[in-house]
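All of these numbers come straight from a predicted model, not from anything done at the bench. Chain letters run A, B, ... following the sequence lines, proteins first, then strands; residues in each count from 1.
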There are 2 protein chains.
Amino acid sequence: MPETQRRPESRYGNRPTMKDVAARAGVGLKTVSRVVNGEPGVTPETERRVQEAIDALGFRRNDSARVLRKGSTASIGLVLEDLADPFYGPLSRAVEEVARAHGALLINGSSAEDPDREQELALALCARRVDGLVVIPAGDDHRYLEPEIKAGVATVFVDRPAGQIDADCVLSDNFGGAREGVTHLVSHGHRRIGFIGDMPRIHTAAERLRGYRAAMEDAGIPVEDAWMSLGATDPLRVRRAAEEMLSGPAPVTAIFSGNNRVTVTVIRVLAERARPVALVAFDDLELADLLQPGVTVVAQDAAALGRTAAERLFGQLDGTLITPERIELPTRLVTRGSGELPPAD
Amino acid sequence: MPETQRRPESRYGNRPTMKDVAARAGVGLKTVSRVVNGEPGVTPETERRVQEAIDALGFRRNDSARVLRKGSTASIGLVLEDLADPFYGPLSRAVEEVARAHGALLINGSSAEDPDREQELALALCARRVDGLVVIPAGDDHRYLEPEIKAGVATVFVDRPAGQIDADCVLSDNFGGAREGVTHLVSHGHRRIGFIGDMPRIHTAAERLRGYRAAMEDAGIPVEDAWMSLGATDPLRVRRAAEEMLSGPAPVTAIFSGNNRVTVTVIRVLAERARPVALVAFDDLELADLLQPGVTVVAQDAAALGRTAAERLFGQLDGTLITPERIELPTRLVTRGSGELPPAD
DNA sequence: CCCGCACTTGACAACGTTGTCCAGGCTCTA
DNA sequence: TAGAGCCTGGACAACGTTGTCAAGTGCGGG
């Protein structure tokens, strides 16, 4: 009997298969499959023999083969922006919990804010035939996912909407939250209010800026360019921006900070100043209540974002949810002191 | 031609396969495979035709089938304790970076501190034939992984050692770090020093406790039972423990906090007190430097833990690293004020 | 003009699992 | 005791891919 094929190079020391188990137990292949999957139609005695062989050989079912045969992987993919960002921890955790409740595994990776990497990652997950995809977009063109979606991969976008395609997305009410936060400052007497945010090409940043403008307009305050910083969020630039708007003849008396990375730097700058400056920040921070003064924030519910997205995903898979929707979750203003400081004019 | 088999139930709307692409392009199956994998030996003209068919059909290679055939999945599994814990964000991120550099995907899940769930998750990952496993142990018996390791699954434990088996592990120097932190308090004049930590069945907690005891012994201070709390770390219990050791005729003048969850509560309790109490905490906190006073901590390098573990994992896979080793990474004492307060006797 | 060579291409088996279907043995009833 | 029906177990194909191998093509040199 000539060996026409060599076993391919494998990192595994040739693990036992069902065939091996069957041979050892002296039963047929399918009987082993039945035992492994707890299917009925096997006498206790046979089952015992099979189980013994399984234990003796250290057999474990090869899910790749199973997936190939069955067509469904019972796993979903999560593409997030940065695993190390504390905002995404609870979100990711919530997605995992829902997946687990549906018997699915979670595969995830970070795009590091790089659209190419997002695409590469999302498509790699599709190649693994995940049942669905939760994506926190880094890029703004997601047409590359169209064939996948058409082929049946459930897809939900979180935190930022999908670009160029019609898909489910779950967002925070960035506009409303920012508007509420800035209005809060106005109601405490502030008129010269600064805004430090991320680049407006990022949807959340643009929405928050829009909220800021709306609140100012509501209050009948014309916004001056010098009050806004919309660049990158590295500490150095944020610091410079904050210091600039706090100096000059008519400095701002309050700052609205557009995200948690910005906030950390702004707090540092404000801590160095003698004159108190009010602060409301988008995104909550751990220990924010222990600072002096406590930091008033517009808090998003990261866990709810993740949970809602994952549930919609499984809704799509069940066939219950068909029409793409855009869901906005409310934010919550948490007053802790920094946002209630009066203007120090 | 009788259909003897029905296609199995699939969530995918029957995606195109290489066979479909081949038919459309009018070439053989293997030629498609060659194009998809960038193998040589295809004329530009043929390649173009194939590529066109691929784009037209929205074909994407099925990696399950590929894995089945090739034997290696180019993915590694990470079992962590809680994705939402900020300590694990950077760790997980670092593992991902290394995996990415080796062209591997990361699949992860949380055990939620439940040993059964850890086992379930780790074995599920093995069933998917991950090439390797990075585990942050929840349980203390990992014999269940023996068949897997024997079968060639590279395995590295992080943060806590493996139980009952001989395996690679990468830890922080919990003992040394705690000893240094407590010694720091001693050197600032404290003698009655409290220790609030997690249950000693957790390795890190036990080691930190050992470090505390060693430092006290170094200083020739007999430890009193009332100074130690080794229970659960929920806020209520920690609060009660802290308040107890701060009251009575001879209250502690300093507290060493055993982990970041404990620390948060301890800071709250101390903030309510008039009399200043020194604090050194194991694990760094964001914004720790902005509190009044800044929190002196024994910092672990979570990213380095993850990076080292992942690199060892790939070392095992390369065949470079064979003998299991135990690696301890140093901690770093960061002084910020709270640990330098003198005893208020 | 034919042979050998390089190069391109495709047929086929195999990876490990599960769905289908049939065979054989058993029990139960008439 | 024969026939019907049930239950258990196994043979076999198929999932989509890749490795092997051989066939086909065209070209240049002897």
Separation of atom CZ in B:Arg66 from atom C1' in D:dG19, rounded to whole Å: 12 Å
Distance below 4.0 Å between A:Thr43 side-chain N/O and D:dG9 OP1 or OP2: yes
Pair B:Glu45 + B:Arg48, salt bridge at N-O below 4.0 Å: yes
Sugar-phosphate only, base, or nothing, as touched by A:Val42 at under 4.0 Å among non-hydrogen atoms: sugar-phosphate
NZ/NE/NH1/NH2 to OD/OE distance under 4.0 Å, A:Arg160 and A:Glu81: yes
Separation of atom CZ in B:Arg128 from atom P in C:dG16, rounded to whole Å: 18 Å
Nearest-nucleotide comparison on DNA chain C, the residue closer to the 5′ end among A:Glu39 and B:Ala65: B:Ala65
Integer-rounded Å distance: D:dG16 P and B:Leu57 CG: 14 Å
Nucleotide of D:dG16, D:dA14, C:dT8 approaching A:Arg69 most closely (side-chain heavy atoms): D:dA14
Contact residues, residues 24-35 of chain B to DNA chain D [heavy atom, < 4.0 Å]: B:Leu29, B:Lys30, B:Ser33
Which nucleotide in C:dG16, C:dT18, D:dT17 has an atom nearest any side-chain atom of B:Met18: D:dT17
Separation of atom CZ in B:Arg60 from atom P in D:dT17, rounded to whole Å: 12 Å
Atom pair distance, as rounded to whole Å: CZ in B:Arg129 and P in C:dG16: 9 Å
Short side-chain N/O contact to D:dT18 OP1/OP2 from B:Asn37, under 4.0 Å: yes
Charged N-O contact under 4.0 Å between B:Arg93 and A:Asp82: yes
Parallel, tilted or perpendicular: ring planes of A:His142 versus A:Phe157, cut at 30 and 60 degrees: perpendicular
Spacing between B:Arg49 atom CZ and C:dT8 atom P, to the nearest angstrom: 15 Å
For A:Ala304, all residues meeting side-chain contact (heavy atoms from CB on, under 4.5 Å), sequence neighbours excluded: A:Asp301, A:Arg307, A:Leu329
side-chain N/O A:Thr46 vs D:dT8 OP1/OP2, d < 4.0 Å: no
Salt bridge (Lys or Arg N to Asp or Glu O under 4.0 Å) assessment of A:Arg49 paired with A:Glu52: CA-CA 5 Å; A:Arg49 283 221 317 282; A:Glu52 258 177 35; over 6 Å; no
Between C1' of D:dG16 and CG of A:Asn62, the distance in whole Å: 14 Å
Length of the line joining A:Lys19:NZ and D:dG9:P, which is rounded to integer Å: 21 Å
Heavy-atom closest pair, residues A:Arg128 and B:Thr73: NH2-O, 2.8 Å
